[in-house]
A.B. asks: 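This is the structure I have questions about; it appears just below.
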Amino acid sequence: MAEQMTGGCACDRIRYAAAINDNDAYLCHCRMCQRATGSVSIAFKNVKQVDVEWSHEPDWYDSSAIAERPYCRECGTSLGFRFKEGSDNMDLTVASFDDPSRFTPKHHFGAESMHRAWLNTEGLPEKRTEDYQALVDKWVDATGKFPG
Ligand SMILES: [Zn+2]
């Protein structure tokens, strides 16, 4: 039974609702995705295009001869990926969902470009944002409160 899940860009100009059938997601490590997102890999949830309803249409750009990517031209958020033709599916970026916590990675794609040093970071020192006082002070000075 599908659940409607919502998401959008960082400035909230672009919003979507998507019918989600399971928790399965994946990491793409291909160089195209690395360069498009500026990240070592990108977490995607594959969905049917007809299951995605945009309450405000995203901007799209041609990321290659065969694919295009939705994004927000105001804040720059990467929202997904789709082939220009030949597929009823598309990807939504996991972190653009309002609650990405239910998704779990089930496979890697673009493994030829995988940066293995970033795969298992368990055990590295961890620091919470609210424990970085200089950053909290910046937020309080600028807005009166810390958004965390
Ligand atoms: Zn935006």
Side-chain angles (χ1 to χ4, degrees), residues 1-110 113-115 118-119 121 124 126-148:
M1 166 89 185
E3 181 189 338
Q4 284 294 118
M5 289 185 67
T6 55
C9 70
C11 77
D12 267 343
R13 191 176 70 93
I14 313 289
R15 297 287 303 162
Y16 63 78
I20 301 300
N21 296 304
D22 57 49
N23 300 336
D24 297 357
Y26 74 102
L27 284 171
C28 188
H29 303 268
C30 87
R31 280 297 290 153
M32 299 267 187
C33 280
Q34 288 176 358
R35 300 190 73 197
T37 63
S39 193
V40 292
S41 65
I42 183 72
F44 278 142
K45 173 60 183 166
N46 195 256
V47 294
K48 294 247 174 273
Q49 293 191 43
V50 295
D51 287 344
V52 182
E53 229 175 283
W54 301 95
S55 53
H56 185 297
E57 272 290 316
D59 303 294
W60 292 87
Y61 73 100
D62 285 359
S63 58
S64 73
I66 61 170
E68 55 191 2
R69 295 175 190 257
Y71 73 106
C72 173
R73 69 168 183 263
E74 298 297 326
C75 69
T77 299
S78 288
L79 293 164
F81 170 95
R82 75 178 177 197
F83 291 111
K84 289 182 184 176
E85 39 191 64
S87 176
D88 295 333
N89 285 28
M90 68 173 294
D91 290 314
L92 291 169
T93 47
V94 164
S96 70
F97 281 88
D98 294 329
D99 180 9
S101 64
R102 71 175 278 183
F103 297 112
T104 52
K106 293 299 183 189
H107 70 275
H108 296 285
F109 191 76
S113 305
M114 191 185 283
H115 295 291
W118 294 87
L119 285 183
T121 59
L124 294 181
E126 297 183 17
K127 186 168 189 165
R128 297 183 59 86
T129 312
E130 68 264 25
D131 294 336
Y132 183 25
Q133 193 59 47
L135 177 58
V136 173
D137 291 346
K138 279 182 196 293
W139 272 109
V140 172
D141 288 349
T143 68
K145 63 182 169 62
F146 176 64

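All ligand and atom numbering here is 1-based and tracks the order in the structure. Predicted, not measured: the structure shown is a model, and the values here were computed from it.
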A.B. asks: Can you list everything that forms a side-chain hydrogen bond (donor to acceptor under 3.5 Å, both in side chains) with Asn21? Sequence neighbours excluded, please.
C.D. replies: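 Counting only residues at least two positions away or on another chain, Asn21 forms no side-chain hydrogen bond (donor to acceptor under 3.5 Å, both in side chains).
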
A.B. asks: To the nearest 0.5 Å, how far apart are CZ in Arg69 and OG in Ser63?
C.D. replies: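 Interatomic distance, Arg69 CZ to Ser63 OG, rounded to 0.5 Å: 4.0 Å.
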
A.B. asks: If you look at every heavy atom in Ser64 and Lys84, which pair is closest and at what distance?
C.D. replies: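 Closest approach of Ser64 to Lys84, heavy atoms only: O-NZ, 3.4 Å.
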
A.B. asks: Is atom CH2 of Trp118 surrounded by more than 12 heavy atoms (other residues, nucleotides or ligands) closer than 6.0 Å?
C.D. replies: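 It does not: Trp118 CH2 has 12 such atoms or fewer within range.
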
A.B. asks: Between Phe97 and Phe103, is the ring-ring contact (aromatic ring centres under 6.0 Å, His included) condition met? List the steps.
C.D. replies: CA-CA 10 Å; Phe97 281 88; Phe103 297 112; 4.9 Å; yes

A.B. asks: Any donor and acceptor pair, going by atom type alone, linking the side chain of Ser87 with main-chain N or O of Asn89 inside 3.5 Å?
C.D. replies: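 Such a contact is found between Ser87 side chain and Asn89 backbone.
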
A.B. asks: Could you grab the protein N, O or S atoms closer than 2.8 Å to the Zn ion (ligand 1) for me?
C.D. replies: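 For the Zn ion (ligand 1), the protein N, O and S atoms that sit under 2.8 Å away are Cys9 SG, Cys11 SG, Cys72 SG, Cys75 SG.
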
